[in-house]
Amino acid sequence: MSEEKSLNFIEEIIEEDLRTGKHQSILTRFPPEPNGYLHIGHAKSICLNFGLALKYGGKTNLRFDDTNPVTEDTEYVESIKEDVKWLGFNWANEFYASDYFDQLYSFAEQLIEKGLAYVDDSTSEEIATQKGTPTQSGVRNQYANRTIAENLQLFRDMRAGKYKDGEKVLRVKIDMSSPNMHMRDPIIYRIKHAHHHRTGDKWCIYPMYDFAHGQSDSIENITHSICTLEFIPHRPLYEWFIEQLGIFPSKQYEFARLNLNYTVMSKRKLLQLVNEHHVSGWDDPRMPTISGLRRRGYTPESLRDFAERVGIAKRENLIEFSLLEFCVREHLNKIALRRMVVFDPIKVIITNYEEGKTELLSSENNPEDPNGGVRSIPFGREILIEQDDFMENPPKKYFRLAPGQMVRLKSAYIIQCNEIIKNTDGSIQALHCTYIPESKSGQDNSGIHVKGTLHWVHAPAALQVEVREYDRLFQVENPSSEEGDFKSYLNPNSLKVVTGYAEPSIKEAASHDRFQFLRKGYYCLDKDSSSDKLIFNRTVTLKDGWTKK
RNA sequence: UGCCCGAUAGUAUAAUGGUAGUACGACAGAUUUUGGUUCUGUUUGUCUUGGUUCGAAUCCAGGUCGGGCAACCA
């Protein structure tokens, strides 16, 4: 029967909560800050949050955590929505933390009235100093002694715009000697005379993350609020606010964020790569952003599969890029249209093939897909093959073309190499071959068996296309853990632009198509293409069991 | 030298006191009109020292190592 798939620790918690009746159904949320594009680490979180809801019959909200107007922008809101949709998920509600600003403000007044919050006039430096260090407790300053009435008035004045940025903050009174730095009277409101992408100029004070996130979860009745490990020390604060305010007890659970080798996974670093033009933009196909991977040719299915395979746990991890490549190859192998493209051509003249004659041969679009149909390919006397596929002095077990050796041309004939025509400088100008007429693909009665099959294109019909070949963005496994500037570890050869000579059917390529260029890799049309110049991105190479040897 | 989190093959992730398993990678072979795919096989692991127990990856204690925490960021 079906072998039980083991649960991750969050699924265990949810099943327990459902079993005990703590919750009738679950509600999760994906809470990005709209200050950058989503990356594959977010994809893991999206798949987790939406996947859990799907699995247990619950729902997921998309909530923009937009409490810092100076870094946030609607451009990011739009890209985030597009990415989540593209990944294949539908949110129950589109919310914004800024939807709750009135409510959060009133929560703050409630805390003041309970004597749990006070307005502090100190500078940020003073506050930092007074906070102490992890090994030394902090001290509370004189502002903590203000009366409730005074605090209320001051806070209202802050809201009314009577003070400049940084002049005052609202803090909550907890414990200046807590071993948890986040509990040492954290700031919950600060003054920022800044235009907000949604609330405009309505506010000049904005809540801090800790005062917005948990309450937003609570307002929405989020049952399981899932975030990454670095928020563990925030959890006591998260619970403290909910407790003091007496609101719905959402619970926070933390898992380890995704790290991928040979790249970086922080919005700050990715933004730097974009701003300093090390890449062409957030959707540069070398970027680990969802938009970059999309442009590169990754499919939503492959990303979801990847998220599933990396698993959910609490230990730090650095996932191998090869796993992502495995996932995309596995999907693309099933759906990609096979086409033949020669990258580094050498001319082959089939001396016993009638001059001027062309015939149309048929080839399957995808041998993995019986319903994939066929296409026709012109064949004639002059064809192009890959230089790699010929060797004048081949080593043992070289199955390709060599003097006297025979190979199959995919979906065409078996040919034999008879003569090498060289230029005066010794380079090869062309290969003279003969074909075996009885060996035509599909009706071969030549009785000849060859080990090698080559891709090729009919020289007069070949269509030149631009192909962008990508390699890892960084030269080291974990750029963030290296000495110095992470950008000094960028791979200078992460993009190589080459010309391909493609079979004519490539003209019909559409942007949603996925191709396998036979024996090369998987490719997709880039958005920079025009009708007279097709540009392809290499998503990933085919696994190569030969050149490695 | 405060507090918190963590440690299982190269990389991830299971085993919830009872045979350490799976995937990716690597290696080898079979099949193949893609040196792809598919199939088969091989390889490699419980951080350490004690303790509890008939029995410990699992529970307890000490240690080691890794990560996090002192933004008016999220």
Side-chain angles (χ1 to χ4, degrees), chain A residues 3 5-8 12 31-33 35 65-68 70-72 97 120 122-124 127-129 131-138 165-171 178-182 184 187-192 205-206 208-210 212-213 227-236 254 256 261 267-268 309-327 329-330 333-334 338 340 363-364 367-368 397-400 407-412 414 439 441-442 444 449-455 516-521 541-549:
Chain A
E3 65 273 28
K5 198 173 176 301
S6 58
L7 304 176
N8 64 50
E12 284 182 2
E33 182 187 13
N35 68 345
D65 219 334
D66 56 351
T67 57
N68 185 4
V70 303
T71 56
E72 295 153 5
D120 192 329
S122 310
T123 64
S124 63
I127 289 176
T129 312
K131 221 165 215 179
T133 67
T135 55
Q136 201 174 4
S137 58
D165 286 10
E167 221 174 303
K168 285 182 166 48
V169 291
L170 184 69
R171 301 176 72 175
S178 170
N180 181 343
M181 298 299 288
H182 296 280
R184 322 245 267 223
I187 295 168
I188 60 169
Y189 262 94
R190 75 292 211 187
I191 301 170
K192 273 181 195 281
I205 57 170
Y206 292 92
M208 298 285 288
Y209 166 84
D210 285 305
H213 201 100
C227 61
T228 46
L229 257 26
E230 67 270 27
F231 291 99
I232 290 176
H234 295 252
R235 196 193 324 137
E254 312 87 7
N261 64 6
K267 280 198 256 183
R268 203 193 94 249
R309 285 169 186 271
V310 296
I312 301 297
K314 297 187 79 149
R315 74 186 81 124
E316 300 287 334
N317 58 76
L318 184 61
I319 308 289
E320 291 178 342
F321 207 88
S322 59
L323 181 62
L324 222 202
E325 293 187 328
F326 166 82
C327 293
R329 283 191 188 110
E330 186 174 63
N333 178 50
K334 292 196 191 91
R338 271 55 172 179
M340 293 199 284
S363 189
E364 70 277 15
E368 305 291 318
K397 294 179 80 176
Y398 184 77
F399 303 149
R400 308 176 189 183
V407 293
R408 150 88 52 196
L409 294 177
K410 172 69 184 174
S411 298
I414 292 173
S439 68
S441 189
D444 182 352
H449 288 282
V450 294
K451 286 286 255 182
T453 299
L454 307 186
H455 62 283
Q516 183 195 104
F517 292 170
L518 234 59
R519 303 208 298 141
K520 285 296 182 182
T541 60
L542 246 33
K543 239 167 100 179
D544 187 348
W546 170 247
T547 56
K548 266 185 276 193
K549 294 184 182 178

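Sequence lines set the chain letters: A, B, ... in the order given, protein chains first and strands last, and positions in each chain run from 1. Below, all heavy atoms of this structure are taken into account, side chains as well, without hydrogens, waters or symmetry copies. Since the model is a prediction, treat every value here as computed from it, not as a measurement.
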Please classify the nucleic acid contact of [X] as base, sugar-phosphate, or nothing, using heavy-atom distances under 4.0 Å.
X        : answer
A:Leu229 : nothing
A:Phe326 : sugar-phosphate
A:Gly452 : nothing
A:Asn180 : nothing
A:Thr123 : base
A:Phe231 : base
A:Arg338 : base
A:Pro367 : base
A:Gln136 : nothing
A:Thr71  : nothing
A:His213 : nothing
A:Ser122 : base
A:Arg400 : base
A:Phe517 : nothing

Just compare [options] and give me whichever is closest to any side-chain atom of [X].
X        : options             : answer
A:Tyr209 : B:C69, B:A74, B:C24 : B:A74
A:Pro179 : B:C72, B:C3, B:G25  : B:C3
A:Glu230 : B:A12, B:A74, B:G6  : B:A74
A:Glu320 : B:C69, B:G67, B:U11 : B:U11
A:Arg190 : B:A70, B:C73, B:U33 : B:C73
A:Leu542 : B:G68, B:U34, B:A70 : B:U34
A:Leu318 : B:C5, B:A12, B:C73  : B:A12
A:Met208 : B:U34, B:A14, B:C73 : B:C73
A:Asn317 : B:C4, B:U13, B:C24  : B:U13
A:Thr453 : B:A74, B:U34, B:A12 : B:U34

What's the gap between [N] and [M] when it is taken at their [atom1] atoms, as a whole Å value?
N     : M     : atom1 : value
B:U53 : B:U48 : P     : 23 Å
B:G63 : B:A57 : P     : 23 Å
B:U44 : B:C5  : P     : 36 Å
B:G6  : B:U42 : C1'   : 33 Å
B:G45 : B:A23 : C1'   : 15 Å
B:C60 : B:A20 : P     : 22 Å
B:U46 : B:U8  : C1'   : 4 Å
B:U43 : B:U31 : P     : 23 Å

With a 4.0 Å cutoff (strictly under), does any side-chain N or O of [X] reach OP1 or OP2 of [N]?
X        : N     : value
A:Arg309 : B:U11 : no
A:Ser137 : B:G2  : no
A:Lys543 : B:U34 : no
A:Arg315 : B:G68 : no
A:Arg519 : B:U33 : no

Is any side-chain heavy atom of [Y] closer than 4.5 Å to one of [X]?
X        : Y        : answer
A:Glu72  : A:Asp65  : no
A:Arg190 : A:Asn68  : yes
A:His234 : A:His213 : no
A:Gln516 : A:Arg329 : no
A:Glu33  : A:Tyr209 : no
A:Arg519 : A:Thr453 : no

Separation between CZ of A:Arg408 and OG of A:Ser439, rounded to the nearest 0.5 Å:
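Atom-to-atom, A:Arg408:CZ and A:Ser439:OG are 5.0 Å apart.
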Donor-acceptor pair present, [X] side chain and [N] base, under 3.5 Å:
X        : N     : result
A:Ser441 : B:U33 : yes
A:Glu368 : B:G36 : yes
A:His234 : B:A74 : yes

Look at the side chain of A:Arg184 and the backbone N and O of A:Thr133, then say whether any donor-acceptor pair between them is shorter than 3.5 Å.
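Answer holds: yes.
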Regarding A:Ser178 and A:Asn180, do their side chains bring together a donor and an acceptor under 3.5 Å, going by distance alone?
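No, no side-chain donor-acceptor pair sits under 3.5 Å.
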Please state how far atom CH2 in A:Trp546 lies from atom P in B:A28, giving the value in whole angstrom units.
12 Å
Taking atom P of B:G35 as reference, at what distance in whole Å does atom CG of A:Asp544 sit?
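Whole-Å distance recorded here is 9 Å.
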With Watson-Crick and G-U wobble geometry limited to distances under 3.5 Å, how should the secondary structure of RNA chain B be encoded in dot-bracket form, using | for bases paired to another strand and [ ] for crossing pairs?
.((((((..((((....[..)))).(((((.......)))))....(((((..]....))))))))))).....
Taking every non-hydrogen atom, the tightest pair across A:Lys397 and A:Trp546
O-CH2, 3.4 Å
